[in-house]
Amino acid sequence: MKNAAAVTTACRLIEESEESLSLTDLAQAVGLSSSYFHRTFKAHTGLTPKDYAAAHRAKRVRAALAREATITNAIYDSGFSSSGRFYETSRAMLGMTPSRYREGGSDEDIKFAIAKTTLGDLLVASSATGVAAILLGDDAETLLRQLQDLFPKARLLGAEKDYEAVVAQVVGFIEAPKIGLHLPLDIRGTAFQRRVWQALRDIPFGQTWSYTAVAEYIGMPRATRAVAKACAANKLAIAIPCHRVIRRDGALSGYAWGVDRKEIILDREKLEKDM
DNA sequence: GGTTCTCTGCCGC
DNA sequence: GCGGCAGAGAACC
């Protein structure tokens, strides 16, 4: 069997199998040694067999939750061994509990507030888990619309008294990012996006990496375009420093909240770094 | 906490 | 191009 065919076969096996297949099982099925199969699979798909299986299972969970009458049915339907594991992983996958996901996040409370900063208007929003969005923009109205798009079914609660302290902390962080943001974050995204965002948080303060460098850092050197898309999907400005990713030739490339802002932020970080 | 599995590096042919 | 093995780390019980 040619390698490409072996990988495709393995993918089909993972997709069709009810229970999870071990690395050895898959390797045997396509006639390669487990170590070589592992390498080959990763070279072709950018994911390890286990990652691939996890991603596929995540898709099944979403589909099952949408289709099945009860969560228990969804658990069995998406191939989990125990409900404990299901809840553990589904929370991270969905960014909310399974039951809340079924309701489309409709009973979720999102507190938010808008403040003025030297970078323009700032919107901070938090779920029960932590800060879920930090948006920058030129006017409050646009920011609020963006928030509604991010959480279409949530109850958006503005002007909560106890929320001002959180907002103040974020504003302080925006003005002097070196101090860091010491608040829990509610990071919601696909497994791949979370991997990219984690990589961004590893970029040292005051430095910039290229998209290629980030792709290599997460072990997927050919995924530069996907990396750029994941950066653009960031909803936590500055806290997840997507502004520290620029083009290899030094050009700033794009920024969800405007290239001008990207430039200002980077200049500031460069200055602050040596202080 | 021990065991099993995953993942990678390294060497061999 | 492919296999085997070792070692570290993650996952599982």
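These numbers were taken from a predicted model, which means no experiment stands behind them. So that the names make sense, note that chain A is the first sequence line, chain B the second, and so on, each numbered from 1. As a basis for the values below, the full set of heavy atoms in this structure was taken, side chains included, without hydrogen atoms, waters or symmetry mates.
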Exercise for the section: List in chain and number order the residues that pass side-chain contact (heavy atoms from CB on, under 4.5 Å) with A:Arg67, two or more places apart in sequence or in another chain; answer none if no residue qualifies. Expected result: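 For A:Arg67, the residues satisfying side-chain contact (heavy atoms from CB on, under 4.5 Å) (neighbours in sequence not counted) are A:Ala63, A:Ala64, A:Asp77.
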
Practice task
State, to the nearest 10°, the angle formed by the axis through the first five base pairs of the helix from B:dG1-C:dC13 to B:dC13-C:dG1 and the axis through its last five.
Solution key: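 Both end axes considered, the difference amounts to 10°.
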
Exercise for the section: Mind checking side chain to side chain donor-acceptor pair (under 3.5 Å) for A:Thr142 and listing every partner two or more places apart, or none if nothing turns up? Expected result: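 A:Asp139.
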
Exercise for the section: Take the protein atom CG of A:Leu32 and the nucleotide atom C1' of C:dG4, then report the distance between them rounded to whole Å. Expected result: 14 Å

Problem - Gap between atoms CZ and C1', on A:Phe37 and B:dC5 respectively (whole Å) - result: 15 Å

Handout entry: Sole candidate of A:Leu144, A:Val124, A:Val167 that passes side-chain contact (heavy atoms from CB on, under 4.5 Å) when paired with A:Phe112
Key =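 Only one of A:Leu144, A:Val124, A:Val167 forms a side-chain contact (heavy atoms from CB on, under 4.5 Å) with A:Phe112, namely A:Leu144.
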
Exercise for the section: Would you please say whether a donor-acceptor pair under 3.5 Å links the side chains of A:His243 and A:Glu269? Expected result: yes

Handout entry: Pairing residues for A:Tyr255 by the ring-ring contact (aromatic ring centres under 6.0 Å, His included) criterion, not counting sequence neighbours
Key = A:Trp257

Which pairs of donor and acceptor atoms, one on a side chain in residues 29-43 of chain A, lie under 3.5 Å apart (sequence neighbours left out)?
{"from": "A:Ser33", "atom 1": "OG", "to": "A:Tyr36", "atom 2": "N", "distance (Å)": "3.2"}
{"from": "A:Tyr36", "atom 1": "OH", "to": "A:Asn3", "atom 2": "ND2", "distance (Å)": "3.1"}
{"from": "A:Thr40", "atom 1": "OG1", "to": "A:Tyr36", "atom 2": "O", "distance (Å)": "2.7"}

Handout entry: A:Asp121 side chain to A:Leu143 backbone, donor-acceptor under 3.5 Å
Key =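 It does not hold such a pair.
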
Handout entry: A:Ile174 side chain near A:Ile265 side chain, heavy-atom distance below 4.5 Å
Key =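 Not touching, per the 4.5 Å side-chain cut-off.
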
Completion exercise
Under a 4.0 Å heavy-atom criterion, the protein footprint on nucleotides 6-13 of chain B, written with B, S and -, is SSBBB---

